[in-house]
Amino acid sequence: MKNFEIERYNLIKAIESETEKFPWIETLEKLKSLITTVHPLSEFDGELSKLVFEEQNMSPKLKEKVIDFENYFSDRTNLIQSKTLQRIAKDLQNKGIKITHFGKAWSNQPANWVYFDTVLNIEEIKTTYNLGETIQPYENLDPRTGTEKGFIDTQTGEGLMGKLNN
């Protein structure tokens, strides 16, 4: 898993280096400003890629770095630290199941949770994946806080949830 802060720092340094060589390319300052303001849970809407595609004078190497950064961090499953939950999440995405929320599940929750727009078949997931000791089934039946069913990684605190029922 790539570290967002390190990748952003390296990208900003690459932009600054290109700005020193080509100070007349105004797009570089716009790009640096945008990248400086994003954080790991930012919604990437293609704005970075759009800027680099429109700029004819930017080096292909920098364009590729920007596009790779945006593509990697726009995929929320890349931000999941638990390798098991990440693998399940990627498989669900590959099946076309949409993520409905990614982030802190509630204010005192230390880790990110990913919610999918589906009812997860807990038993099938248990038999398909080697879940190990740290991946525990979880179910919330309280309609006030939002019903959900899925898994929690007790080591990372992350959760992968689906709907309780349709």
Side-chain angles (χ1 to χ4, degrees), residues 1-12 14 34-53 60-166:
M1 182 171 92
K2 295 180 183 179
N3 180 295
F4 178 84
E5 295 300 332
I6 292 170
E7 296 299 321
R8 179 172 62 175
Y9 174 82
N10 290 337
L11 186 54
I12 289 170
L34 277 172
I35 292 170
T36 301
T37 61
V38 297
H39 56 82
L41 296 180
S42 292
E43 290 294 327
F44 291 91
D45 58 2
E47 192 170 354
L48 301 177
S49 297
K50 184 179 175 188
L51 270 176
V52 299
F53 282 127
K61 187 175 178 181
L62 181 58
K63 285 183 176 187
E64 184 180 340
K65 281 184 177 188
V66 172
I67 292 166
D68 288 348
F69 176 87
E70 184 172 50
N71 287 340
Y72 184 85
F73 290 106
S74 64
D75 180 354
R76 299 292 180 238
T77 63
N78 288 327
L79 301 175
I80 300 171
Q81 294 176 359
S82 168
K83 293 301 176 202
T84 303
L85 293 185
Q86 185 183 68
R87 192 170 63 251
I88 296 168
K90 285 191 175 295
D91 288 350
L92 291 170
Q93 264 192 328
N94 289 338
K95 291 177 183 175
I97 301 169
K98 301 289 183 218
I99 292 175
T100 58
H101 176 75
F102 184 93
K104 305 292 186 241
W106 53 82
S107 61
N108 64 353
Q109 178 62 32
N112 293 315
W113 284 31
V114 58
Y115 290 82
F116 284 90
D117 189 21
T118 191
V119 175
L120 298 174
N121 184 331
I122 300 299
E123 293 308 314
E124 181 181 314
I125 291 172
K126 283 181 180 179
T127 58
T128 303
Y129 300 91
N130 180 14
L131 298 182
E133 297 174 8
T134 66
I135 308 298
Q136 299 295 315
Y138 173 83
E139 190 173 277
N140 181 17
L141 303 175
D142 183 1
R144 292 178 296 136
T145 59
T147 58
E148 60 200 17
K149 183 167 57 171
F151 297 93
I152 294 175
D153 185 321
T154 58
Q155 187 172 13
T156 65
E158 295 170 307
L160 184 141
M161 295 294 135
K163 299 175 186 178
L164 187 62
N165 51 40
N166 282 327

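For the residue pair Ser74 and Asn71, the shortest heavy atom distance occurs at OG-O, 3.1 Å. Shown here for Lys104 and Pro110, the closest heavy-atom pair between the two residues is NZ-O, 3.4 Å. Of all heavy-atom pairs between Leu164 and Lys149, the closest is CD1-CB, 4.0 Å. A pairwise comparison of heavy atoms in Ser49 and Ile67 identifies OG-CG1, 3.9 Å as the closest pair. Between Ser82 and Asp153, the closest heavy-atom pair is OG-OD2, 2.7 Å. When all heavy atoms of Pro40 and Glu5 are compared, the pair lying nearest together is CD-OE2, 4.4 Å.
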Step by step, would you call Phe73 with Phe4 a ring-ring contact (aromatic ring centres under 6.0 Å, His included)? CA-CA 8 Å; Phe73 290 106; Phe4 178 84; 5.0 Å; yes
Evaluation steps, side chain to side chain contact (heavy atoms under 4.5 Å, CB included), between Asn165 and Lys163: CA-CA 5 Å; Asn165 51 40; Lys163 299 175 186 178; over 6 Å; no
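A heavy-atom distance below 4.5 Å is not found between the side chains of Ile80 and Asn112. Under the 4.5 Å side-chain criterion, counting only non-hydrogen atoms from C-beta, Leu92 is in contact with Leu120. Side-chain contact check for Ile6 versus Lys2: every heavy-atom pair is 4.5 Å or farther apart. Annotation: side chain of Gln93 is not in contact with side chain of Asp91 (no heavy-atom distance under 4.5 Å). Side-chain atoms of Asp117 and Ile99, non-hydrogen and from C-beta on, never get closer than 4.5 Å to each other. Two residues are said to be in side-chain contact when any heavy atoms from C-beta on lie closer than 4.5 Å; Lys90 and Asn78 meet this criterion. At least one side-chain heavy atom of Leu11 sits less than 4.5 Å from a side-chain heavy atom of Leu62. Side-chain contact between Ile152 and Thr134 is absent, with no heavy-atom pair separated by less than 4.5 Å.
Aromatic rings of Phe151 and Tyr129 (six-membered ring for Trp) have centroids beyond the 6.0 Å cut-off, not under it.
Lys50 and Glu47 are not joined by a salt bridge, as no carboxylate oxygen comes within less than 4.0 angstrom of a charged side-chain nitrogen. A salt bridge between Glu123 and Lys126 is present, with a side-chain N of the basic residue lying under 4.0 Å from a carboxylate O of the acidic one. With salt bridges taken as basic N to acidic carboxylate O contacts below 4.0 Å, one links Arg76 and Glu43.
Checked against ring-ring contact (aromatic ring centres under 6.0 Å, His included), Tyr138 has the following partners two or more places apart in sequence or in another chain: Trp113. For Tyr115, the ring-ring contact (aromatic ring centres under 6.0 Å, His included) partners are His101, not counting sequence neighbours.
Annotation for Glu133: atom CD does not count as buried by contact number, only 12 or fewer foreign heavy atoms lying within 6.0 Å. For Gln155, the CD atom counts as loosely surrounded, since its 6.0 Å shell holds 12 or fewer non-hydrogen atoms of other residues, nucleotides or ligands. Within 6.0 Å of atom CD in Gln136, more than 12 heavy atoms from other residues, nucleotides or ligands are found, so the atom counts as buried in its surroundings. Counted within 6.0 Å of CG on Asn130, heavy atoms from surrounding residues, nucleotides or ligands total 12 or fewer; the atom is thus considered open.
In this structure, OG1 on Thr84 lies 4.5 Å from CD1 on Ile135, to the nearest 0.5 angstrom. A distance of 6.5 Å separates CD1 in Ile35 from CD1 in Ile12, rounded to the nearest 0.5 Å. Rounding to the nearest 0.5 angstrom, the gap separating the CG atom in Asn140 from the CD atom in Glu148 is 5.0 Å.
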